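Treat the numbers as computed from the prediction; the structure is a model and nothing was measured.
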Amino acid sequence: MQFKLKEVPICADLEYEMIQITQSVRDFVEESGIANGIVYVITEHTTTGITVNESLSCVEKDIMEKLDQLAPDNDTYHHNHYLPTYGTIGGNAPGHLKSLLTGNHCVFPIMGGKLKLGHAADIYFCEYDGIKNRKYMIYAMGE
């Protein structure tokens with residue numbers, strides 16, 4: 001059994017954005033040398049998400065608009081107070097909630113050395129907390 005891990009740096013161009021990362025995952029799987037197994041894609045941050053959906057700009061827009069309705073920036077949140085452990089005010093409660101809704105990972109099979117992904121499916125890294133340097137992990141295991 002082989003185990004391969006890659007941390008991928010990423011930075012959104014916009015404050016809130018869905019960034020397609022499917023090709024990055026495909027490339028890693030093919031370079032890993034794993035013929036059959038599983039690949040996980042996991043965000044390292046609690047105000048970002050990993051999700052899978054159809055890669056259409058109208059679908060992306062619908063997702064982001066609905067998330068904004070469910071966790072709007074201008075709502076009242078308990079998280080908006082001084083956090084002594086961080087030395088700053090926590091003002092990113094909407095990002096935490098949006099991350100909770102989209103999730104922090106996805107899992108796919110590896111078959112014949114290739115990522116096994118549905119016909120219209122693409123993998124997204126979702127930024128919900130501004131333009132920041134972030135990372136996500138791609139973790140493949142198998143033989």
- Distance, nearest 0.5 Å, that separates CD of Glu54 from CD1 of Ile63: 9.5 Å
- Item | Within 45° cone and under 6.0 Å: Lys135 NZ/CZ vs Phe125 ring | no
- Considering the options Asp68, Thr48, Thr47, which one meets the side chain to side chain donor-acceptor pair (under 3.5 Å) requirement together with Lys98? Asp68
- If you round to the nearest 0.5 Å, how far is NE2 of His96 from CG of Asp129? 7.0 Å
- If you round to the nearest 0.5 Å, how far is CD1 of Ile138 from CZ of Arg26? 12.0 Å
- Side chain to side chain, Cys126 and Thr51, heavy atoms closer than 4.5 Å: yes
- Task: Give the cluster check for Met64 versus Tyr124: same hydrophobic cluster or not, with ILVMFWY residues linked at side-chain heavy-atom distances below 4.5 Å.
- Result: yes
- Backbone N or O of Phe28 within a donor-acceptor pair of the Glu31 side chain at under 3.5 Å? no
- Is it possible for you to say whether Met1 and Met111 belong to one hydrophobic cluster, with membership spreading through side-chain heavy-atom contacts below 4.5 Å? no
- Close side-chain approach of Tyr40 and Met141, heavy atoms under 4.5 Å: yes
- Test side-chain contact (heavy atoms from CB on, under 4.5 Å) applied to Val29 and Ile34, step by step: CA-CA 7 Å; Val29 166; Ile34 295 174; over 6 Å; no
- Message: If hydrophobic clusters are built by linking Ile, Leu, Val, Met, Phe, Trp and Tyr wherever their side-chain heavy atoms come under 4.5 Å apart, do Ile110 and Ile38 end up in the same one?
- Response: no
- Task: Indicate yes or no: at least one non-hydrogen side-chain atom of Lys114 is less than 4.5 angstrom from one of Glu30.
- Result: yes
- If you measure from CD1 on Ile50 to OG on Ser99, what distance do you get to the nearest 0.5 Å? 9.5 Å
- Message: Quick one, Ile131 with Cys11, criterion side-chain contact (heavy atoms from CB on, under 4.5 Å). Give me CA distance, side-chain angles, the key distance, then yes/no.
- Response: CA-CA 6 Å; Ile131 300 169; Cys11 185; 3.7 Å; yes
- Are Met18 and Val59 linked, directly or through other ILVMFWY residues, by side chains that come within less than 4.5 angstrom of each other? yes
- Query: Is any side-chain heavy atom of Tyr136 less than 4.5 Å from a side-chain heavy atom of Pro9?
  - Reply: no
- Message: Do Ile123 and Phe108 make a side-chain contact, defined as non-hydrogen atoms from C-beta onward lying under 4.5 Å apart?
- Response: yes
- Item | From Leu115, Thr22, Asn104, Ile21, residue fulfilling side chain to side chain contact (heavy atoms under 4.5 Å, CB included) relative to Val41 | Ile21
- Message: If you define the side chain from C-beta out and look only at heavy atoms, does anything of Leu5 sit under 4.5 Å from Phe3?
- Response: no
- Message: Could you check whether any side-chain heavy atom of Tyr16 comes within less than 4.5 Å of a side-chain heavy atom of Leu67, counting everything from C-beta outward?
- Response: no
- Message: What's the separation between atom CD in Glu60 and atom CD1 in Ile19, rounded to the nearest 0.5 Å?
- Response: 10.5 Å
- Query: How about Lys66: does its NZ atom have over 12 heavy atoms from other parts shown lying under 6.0 Å from it?
  - Reply: no
- Message: Are Ile42 and Tyr128 linked, directly or through intermediate hydrophobic residues, by side-chain heavy-atom contacts shorter than 4.5 Å (ILVMFWY only)?
- Response: no
- Could you walk me through whether Arg134 and Glu44 pass the salt bridge (Lys or Arg N to Asp or Glu O under 4.0 Å) check? CA-CA 8 Å; Arg134 305 292 203 157; Glu44 294 188 13; over 6 Å; no
- Message: Just verifying a value: how many Å separate Asp62 CG and Ser57 OG, rounded to the nearest 0.5 Å?
- Response: 9.5 Å
